[in-house]
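Since the model is a prediction, treat every value here as computed from it, not as a measurement. Numbers here are sequence positions counted from 1.
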Amino acid sequence: ATPVALASTGVQRQRVARICSPLNGSIPLRAGLLKERTVLLQLAHFCTKPCAPCRSMQRQRKAGNLPLEPLLGVLPRLRDEGYGVIHLSEPLRYPRLAAFLAAAKAQGFRMTADCDGLLITSRHRAEIETLDLVAISFDGAEASHNAMRGNSRVRGRAVAALRYLAEIGTPSAAILTVTRKTLAEV
């Protein structure tokens with residue numbers, strides 16, 4: 001299976017974001033430690049904060065949210081092509097997330113996500129508890145993280161998000177972005 005398979009669904013390939021597909025047709029790529037074939041989707045092109053290494057803020061001006069209906073149409077095809085995990089990037093910004101998660105779970109997908117943690121609150125608890133794993137992104141020590149994200153409180157909120165995930169029993173992980181400036185902090 002290749003990313004081209006999604007083109008026939010009407011979903012623009014570049015808006016579906018990064019899709020893990022077999023390398024040279026024989027070795028499936030993996031996201032993190034997941035053992036199953038994984039498709040990576042960015043449902044909304046809106047992050048909560050601009051980050052220096054990410055180009056998401058530039059894309060915001062060009063594209064909004066992916067429409068739900070084509071996404072739902074892609075799910076059976078992904079399942080038929082052997083994908084077992086859907087990994088979402090900053091999914092809590094997507095207004096129709098609950099419907100997408102319900103449909104994907106009904107088709108047997110494991111659902112994972114990465115985010116900055118700012119929206120990991122009780123307001124989104126139902127969606128969060130539907131996810132099989134949530135990874136919170138960190139950009140180094142507190143000063144580096146806050147500087148990279150342009151806010152003096154965001155690292156504290158990311159730490160609070162990890163605590164909240166533990167409190168409600170949602171499996172979680174931390175992702176560390178390493179740059180030349182933060183390498184010594186690792």
Side-chain angles (χ1 to χ4, degrees), residues 11 15-20 30-51 53-54 56-57 59-60 63-72 74-75 78-79 83-140 142 145-146 148-177:
V11 177
R15 292 187 67 206
V16 174
R18 306 168 304 257
I19 300 172
C20 292
R30 302 289 185 241
L33 300 174
L34 301 174
K35 295 178 182 177
E36 297 178 74
R37 289 185 71 197
T38 301
V39 63
L40 303 168
L41 297 178
Q42 187 168 347
L43 303 174
H45 286 288
F46 297 98
C47 287
T48 52
K49 283 284 174 195
C51 303
C54 180
S56 182
M57 295 306 286
R59 291 191 310 258
Q60 282 188 24
N65 297 321
L66 290 172
L68 180 62
E69 292 71 24
L71 285 169
L72 297 180
V74 167
L75 293 176
L78 291 172
R79 200 41 142 157
Y83 290 94
V85 178
I86 297 176
H87 182 81
L88 305 171
S89 186
E90 289 289 350
L92 297 173
R93 299 287 299 176
Y94 187 61
R96 305 204 50 206
L97 179 61
F100 180 74
L101 289 172
K105 289 294 238 177
Q107 294 199 28
F109 285 99
R110 290 184 50 226
M111 303 298 298
T112 63
D114 64 79
C115 64
D116 61 14
L118 295 180
L119 297 178
I120 302 290
T121 64
S122 59
R123 177 177 172 220
H124 297 286
R125 184 173 179 159
E127 291 91 347
I128 293 166
E129 289 182 328
T130 304
L131 296 166
D132 297 292
L133 174 76
V134 177
I136 305 297
S137 184
F138 289 88
D139 301 313
E142 185 168 7
H145 181 90
N146 291 341
M148 191 172 294
R149 296 189 180 243
N151 184 312
S152 64
R153 298 183 309 214
V154 292
R155 189 165 192 281
R157 301 234 353 237
V159 171
L162 281 175
R163 287 185 180 126
Y164 179 73
L165 292 168
E167 176 185 313
I168 65 171
T170 299
S172 61
I175 301 171
L176 181 62
T177 301

Please indicate whether Arg79 has more than 12 foreign heavy atoms, meaning atoms of other residues, nucleotides or ligands, lying under 6.0 Å from its CZ.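 Buried by this count: over 12 neighbours within 6.0 Å.
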Can you name the closest pair of heavy atoms from [X] and [Y] and give their distance?
| X | Y | value |
| --- | --- | --- |
| Leu131 | Leu101 | CD2-CD2, 3.8 Å |
| Leu43 | Phe100 | CD1-CD2, 4.0 Å |
| Asn65 | Pro95 | ND2-CD, 3.3 Å |
| Ala161 | Gly117 | CB-O, 3.5 Å |
| Ser122 | Tyr164 | CA-OH, 3.2 Å |
| Asp132 | Lys105 | OD2-NZ, 2.8 Å |

Would you say the side chains of Thr38 and His87 form a donor-acceptor pair under 3.5 Å?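 Short answer, no.
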Just by distance, no angles: are the side chains of Arg149 and Ser137 close enough, under 3.5 Å, to form a donor-acceptor pair? yes
Quick one: do Arg125 and Glu129 make a salt bridge, cutoff under 4.0 Å?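 Looking at Arg125 and Glu129, the cut-off is met.
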Sole candidate of Leu75, Leu40, Leu71 that passes side chain to side chain contact (heavy atoms under 4.5 Å, CB included) when paired with Ile86: Leu75
Checking Thr170, Thr112, Leu92, Leu162 against Val134 for side chain to side chain contact (heavy atoms under 4.5 Å, CB included), the one that qualifies is Thr170
So, does [X] use its side chain to make a donor-acceptor pair with the main chain of [Y] at under 3.5 Å?
| X | Y | answer |
| --- | --- | --- |
| Glu90 | Asp116 | yes |
| Tyr94 | Leu66 | yes |
| Arg157 | Leu118 | yes |

When you look at Glu36 and Tyr83, which way does the side-chain contact (heavy atoms from CB on, under 4.5 Å) test go after all the steps? CA-CA 7 Å; Glu36 297 178 74; Tyr83 290 94; over 6 Å; no
Measuring from atom CD1 of Ile128 to atom OG1 of Thr121, what distance do you get when rounded to the nearest 0.5 angstrom?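 The distance works out to 6.0 Å.
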Return the CG to CE distance between Leu41 and Met111, rounded to the nearest 0.5 Å.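 Going from CG on Leu41 over to CE on Met111, the span is 7.5 Å.
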So do the side chains of Ser172 and Ile136 get within less than 4.5 Å of each other, counting heavy atoms only? no
